Amino acid sequence: MTSDLIAGPTTSRGEADDLGLDLAVLLSGRRVVCVGGGAVTARRVRRFLDAGALVEVISPVATDEVAELAASGEIRWTARPYAGPADLAGAWLVHTATGVRSVDAAVAADAEAQRTFCVDASAAGRGSAHVLASRRVETAAGPLRVAVHGGGDPRRAAGVAASVAAEVAAGAHDVRARRRRAGVGWVALVGGGPGDPGLLTLAGWQALRAADVVVVDRLAPREVLAALPSDVRIIDVGKAPGNHLMRQEDITETLVREARAGWGVVRLKGGDPYVLGRGGEERERLDAEGIPVRVVPGVTSAIAGPAAAGIPVTHRGLADGFTVVSAHDQLGAVPLRRDHTLVFLMGVARLASIVTTLVAGGHDPETPAAIVERAHRQGQRTTVARLADLPAVAERVGVQNPAVIVVGDVVTVSPHWAG
Ligand SMILES: C[S@@+](CC[C@H](N)C(=O)[O-])C[C@H]1O[C@@H](n2cnc3c(N)ncnc32)[C@H](O)[C@@H]1O
């Protein structure tokens, strides 16, 4: 693991230009000697241990934390005062924080004489090595460490490190790997929500910020693509030349091909990948190919669509459950009750046959119903009618895809319902 240390060059011997050089050092399996056993040492020992160092503390007294680490065998504690250069033998790094300036100066001088880097806690900003304020951030393209040198002001450094780390976590920065991986890349199946970029999740945006290639659907929130760097490759599978949709098998092949070539790929879908979105099939294939894949859930149009028109899919006293169904099948299996909300996706072309089947099956033809077109998109429109009248009303106003159809008493909650 990379440590959080930075070595500063000396502009002239012993006089550090403390912002001059950044150098991460690897402490894993390496001996680090800490002189002094107080609170500063305790904090730093934790970090050295996190970096995998073999830590020895030399101090006649120590804080409880240091004593406990020694008792549990995680560090070695030599309980006596610093005894001279022999104490530093074999150390890759020395840390001195005794609280006594003359002792720290002696330790630093001994370390210098044996050419071992030394962090001198009582000489902020000087010494041959400095500890940075640092934060580890997980990104879809792998972990990053944000490390800040505060020029001798550790609080300032900690504040900046925390805020930059938060920005990275929020997707404010381009965190792509910038080169093709030698082996296989990765795929994230990202649910983009119903279309409004504001309804893309933070996890979805983070994945986009790490992607080399974005394979995008017609109903995905395409506006967000404009905010990506111009060298991110966009593959539009919503409309191939001639206005034909790319076949599902070809889309899946594209994901496999791009990930096999070593790229980080986001498959940006509308709504949620697992709600009538064929995300399951894509995942199965990628799993079978041994390609790392993760699914980022999205806001589904099945719920957000009705909500855009003020229709809650459940509402106390009106509906305790709801069913989402593709218009194409399953019609015979849905509950035919006004207090159970039915939400149809991909139903516009077959609206008349849906209504006929529902009413023939025993659904109350007076049930309130609504069609929400282009929910959370430019040109959103809501049309309401009693179930039996819905096809005629829809035809009269010229309802078009994309649209969700909602059937149930919950429609009366909408401001669009006038009875
Ligand atoms: C192939 S399905 C994908 C559903 C998607 N996975 C989801 O969770 O929203 C496409 C259908 O979703 C619905 N849809 C998607 N976005 C919509 C929107 N913004 N407004 C209304 N309906 C939408 C329409 O019924 C459309 O025909």
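We number each residue from 1, following the sequence as shown. Bear in mind that the values here come from a model prediction, so they are computed numbers and not experimental data. Order of appearance sets the numbers: ligands from 1, and atoms from 1 within every ligand.
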Give the numbers and elements of all ligand 1 atoms closer than 4.0 Å to a heavy atom of [X].
{"X": "Gly271", "value": "5 (C), 7 (C), 8 (O), 9 (O)"}
{"X": "Arg377", "value": "19 (N)"}
{"X": "Val372", "value": "21 (C)"}
{"X": "Val404", "value": "21 (C), 22 (N)"}

Could you tell me the residue and atom name of the protein heavy atom closest to [atom], and the distance to it rounded to 0.1 Å?
{"atom": "atom 20 (N) of ligand 1", "answer": "Ala375 N, 2.9 Å"}
{"atom": "atom 12 (O) of ligand 1", "answer": "Ser301 OG, 3.5 Å"}
{"atom": "atom 3 (C) of ligand 1", "answer": "Leu276 O, 3.4 Å"}
{"atom": "atom 8 (O) of ligand 1", "answer": "Thr300 OG1, 2.7 Å"}
{"atom": "atom 6 (N) of ligand 1", "answer": "Val275 O, 2.7 Å"}
{"atom": "atom 24 (C) of ligand 1", "answer": "Ala403 O, 3.4 Å"}
{"atom": "atom 11 (C) of ligand 1", "answer": "Met346 CG, 3.8 Å"}

Is [X] in contact with ligand 1, taking contact as a heavy-atom separation below 4.0 Å?
{"X": "His376", "answer": "no"}
{"X": "Gly195", "answer": "no"}
{"X": "Gly305", "answer": "no"}

Polar atom proximity, Asp272 to ligand 1 (N or O, under 3.5 Å) =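 N/O-N/O distance under 3.5 Å: yes.
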Return yes or no for this condition: an N or O of Pro194 is under 3.5 Å from an N or O of ligand 1.
->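 Looking only at distances, the answer is yes, because the N/O contact criterion of under 3.5 Å is met.
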Heavy-atom pair with the smallest gap, counting every atom of Cys34 and Thr41 |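 For Cys34 versus Thr41, the nearest heavy atoms are CB-CG2, 3.9 Å.
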Could you tell me which non-hydrogen atom of Val313 sits nearest to which non-hydrogen atom of Pro306, and how far apart they are?
->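 In this case the closest contact between Val313 and Pro306 is CG1-CG, 4.1 Å.
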Supply the atom-to-atom distance Leu390 CG to Thr367 OG1, rounded to the nearest 0.5 angstrom.
->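 Result: 11.0 Å between the selected atoms.
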Just how far is it from atom CZ of Arg209 to atom CG of Leu202, taken to the nearest 0.5 Å?
->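 Answer rounded to 0.5 Å: 12.0 Å.
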Any side-chain donor-acceptor pair under 3.5 Å between Asp250 and Thr252?
->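 The criterion, which ignores hydrogens and geometry beyond distance, is not satisfied for Thr252 and Asp250.
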Just checking, Arg31 and Trp92: is the charged tip under 6.0 Å from the six-membered ring centre and within 45° of the axis?
->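 Cation-pi check for Arg31 and Trp92: fails.
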Heavy atoms, side chains only, cut-off 4.5 Å: are His130 and Val119 in contact?
->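 No. Closest side-chain heavy atoms not under 4.5 Å.
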Does any N or O in the side chain of Ser59 come within less than 3.5 Å of the main-chain N or O of Ala62, such that one atom is a donor and the other an acceptor?
->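 The answer is no, because no donor-acceptor pair under 3.5 Å joins these two groups.
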Is a side-chain donor or acceptor of Asp153 paired with a backbone partner of Arg156 at a separation under 3.5 angstrom?
->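 Yes.
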Sole residue of Glu282, Glu281, Glu258 in salt bridge (charged side-chain N to carboxylate O under 4.0 Å, His left out) with Arg267 =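 Exactly one pass, corresponding to Glu282.
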